[in-house]
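Written out below as structure tokens is the structure these notes cover.
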Number of protein chains: 2
Amino acid sequence: MKGSPPRLADSVTFRLGALGLQALDRLAPRLELHGLKPKHLGMLALLDSVDASSQLEVARAMNIAPSLVVALADHLEDLGAIQRVKDPEDRRRHVLRLTDRGRDLLQTCTDDAYAIDAHLTAELSPADRADLARVLGELARTAGLPALPQLRASADDTGGHAS
Amino acid sequence: MKGSPPRLADSVTFRLGALGLQALDRLAPRLELHGLKPKHLGMLALLDSVDASSQLEVARAMNIAPSLVVALADHLEDLGAIQRVKDPEDRRRHVLRLTDRGRDLLQTCTDDAYAIDAHLTAELSPADRADLARVLGELARTAGLPALPQLRASADDTGGHAS
DNA sequence: GGATATGCTTCAGAACATGAATGATACTGA
DNA sequence: TCAGTATCATTCATGTTCTGAAGCATATCC
């Protein structure tokens with residue numbers, strides 16, 4: 001015998017896509033108040049997690065074109081949230097680093113994100129809420145975009161043991 | 001003393017956004033093979049769940065401009081996936097309905113989505129995988145976009161602005 | 001039956017992202 | 001040393017996606 005056929009709306013992929021877009025739709029207006037778009041926030045979060053990074057590394061980690069990194073970084077630099085300095089060891093590279101102001105901004109946006117979390121998960125049981133946070137963390141760790149360390153490693157293919 | 005401050009990457013909102021975009025990035029190339037974009041699939045899924053709907057209702061349910069519904073529906077109609085008929089009770093409305101071909105297409109795309117699910121969740125424990133599916137379902141139910149029945153209700157509503 | 005509102009469509013343009021071309025810098029091998 | 005080639009950031013032209021205003025057809029309300 002045959003159970004009911006799998007529904008698209010039950011797939012993790014479709015649900016992540018739909019809920020993710022909705023989450024961003026809710027977050028975006030708040031970010032706008034600080035002069036940021038979601039991608040700017042993604043970049044701040046990335047730089048916060050790695051301390052400093054070249055633009056190409058950022059492009060790969062965020063899965064966007066290098067030319068877009070230029071525009072995003074320009075804007076964050078205008079806001080004073082990051083600084084862009086030539087790498088003395090390779091003067092082609094522009095190293096991006098979070099400023100104190102950038103960290104403040106990131107904290108503010110983090111508060112915004114948690115405020116939306118509260119709304120989004122308002123009707124979930126505490127147990128479900130905990131499961132959600134835990135499993136999304138698992139998923140981000142195992143299936144998320146490659147983190148910067150990996151990208152760096154694959155960048156210096158010749159050397160082998162990097163960092 | 002003070003615990004470590006909340007990290008943006010730990011918020012449900014940020015993770016849903018990031019993972020959702022990634023899920024869509026993986027799904028999109030497969031949909032392309034059938035001549036669809038993610039939004040087309042969203043529309044098919046919506047129509048499958050409600051049997052039939054006017055374009056304005058679809059626009060509200062998908063949170064997009066009515067003029068975009070026109071373009072999406074045009075394309076799906078060209079593919080033979082939906083039919084667009086004038087509502088005899090209100091000849092301004094164009095009622096959209098899934099065709100058999102549309103249902104086939106939806107099934108094919110559903111298979112694609114589940115294939116991506118398998119990859120995305122490959123490194124999760126079976127328990128985590130189950131939790132993920134369950135909790136995302138909960139979240140979609142309680143925090144998802146307003147379902148069509150609600151929209152219809154608020155449309156019928158003589159006076160009030162609900163929300 | 002005239003005024004007003006609603007639904008769909010068209011159209012112009014805003015917003016966002018990409019890829020190719022360019023200039024600066026680094027690396028390679030003879 | 002230095003010519004040739006590769007890499008990084010930037011600019012620019014373009015493509016795609018989406019929106020909002022205008023217009024027409026139809027419905028609703030005095």
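Just the heavy atoms: all of them, side chains too, but no hydrogens, waters or symmetry mates, feed the values below. Just so it is clear: chains get the letters A, B, ... in the order the sequence lines come, proteins before strands, and each one is counted from 1.
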With sequence neighbours left out, write down each residue that passes side-chain contact (heavy atoms from CB on, under 4.5 Å) with [X], or none if nothing qualifies.
X        : answer
B:Asp112 : B:Leu27, B:Arg30, B:His34
A:Ser67  : A:Ala65
B:Arg134 : A:Asp128, A:Asp131, B:Asp131
A:Arg101 : A:Thr99

Report task. Assess the side chains of B:Arg84 and B:Gln55: does a donor N or O sit below 3.5 Å from an acceptor N or O? Result ->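 Short answer, yes.
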
**Report entry** Rounded interatomic separation in angstrom, taking CG from B:Asp74 and P from C:dT9
**Finding:**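 Atom CG in B:Asp74 sits about 7 Å away from atom P in C:dT9.
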
Requested in this report: Quickly work out the A:Ile64 CD1 to D:dC8 P distance and round it to whole Å.
Outcome: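 For the pair A:Ile64 CD1 and D:dC8 P, the rounded distance is 16 Å.
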
Query - Presence of A:Arg84 side-chain N/O under 4.0 Å of D:dC8 phosphate oxygens OP1/OP2 - result: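 No, no such contact exists.
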
Any N/O pairs under 3.5 Å between the protein and nucleotides 28-30 of chain D? List them or say none.
none

Query raised in the report: Partners of B:Arg91 by salt bridge (charged side-chain N to carboxylate O under 4.0 Å, His left out), sequence neighbours excluded?
Result: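 If we apply the salt bridge (charged side-chain N to carboxylate O under 4.0 Å, His left out) test to B:Arg91, skipping adjacent residues, there are no hits.
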
**Report entry** Test salt bridge (charged side-chain N to carboxylate O under 4.0 Å, His left out) applied to A:Asp104 - qualifying residues, sequence neighbours left out
**Finding:**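 Listed in chain order: nothing, the list is empty.
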
Report task. Specify the residues of residues 31-45 of chain A, ordered by number, for which at least one heavy atom lies under 4.0 angstrom from an atom of DNA chain C. Result ->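 A:Lys37, A:Lys39, in order of number.
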
Query raised in the report: Which of these nucleotides, D:dA27, D:dT10, D:dT19, is closest to any side-chain atom of A:Val70?
Result: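 Between D:dA27, D:dT10, D:dT19, the one nearest the side chain of A:Val70 would be D:dT10.
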
Query - First of A:Lys86 and A:Ser67 reached from the 5' end of DNA chain C, by closest nucleotide - result: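 Its nearest nucleotide being more 5', the pick is A:Ser67.
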
**Report entry** Residues forming a ring pair (Phe, Tyr, Trp, His ring centres under 6.0 Å) with B:His94, sequence neighbours excluded
**Finding:**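 Testing B:His94 for ring pair (Phe, Tyr, Trp, His ring centres under 6.0 Å), a comparison that skips the adjacent residues, returns none.
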
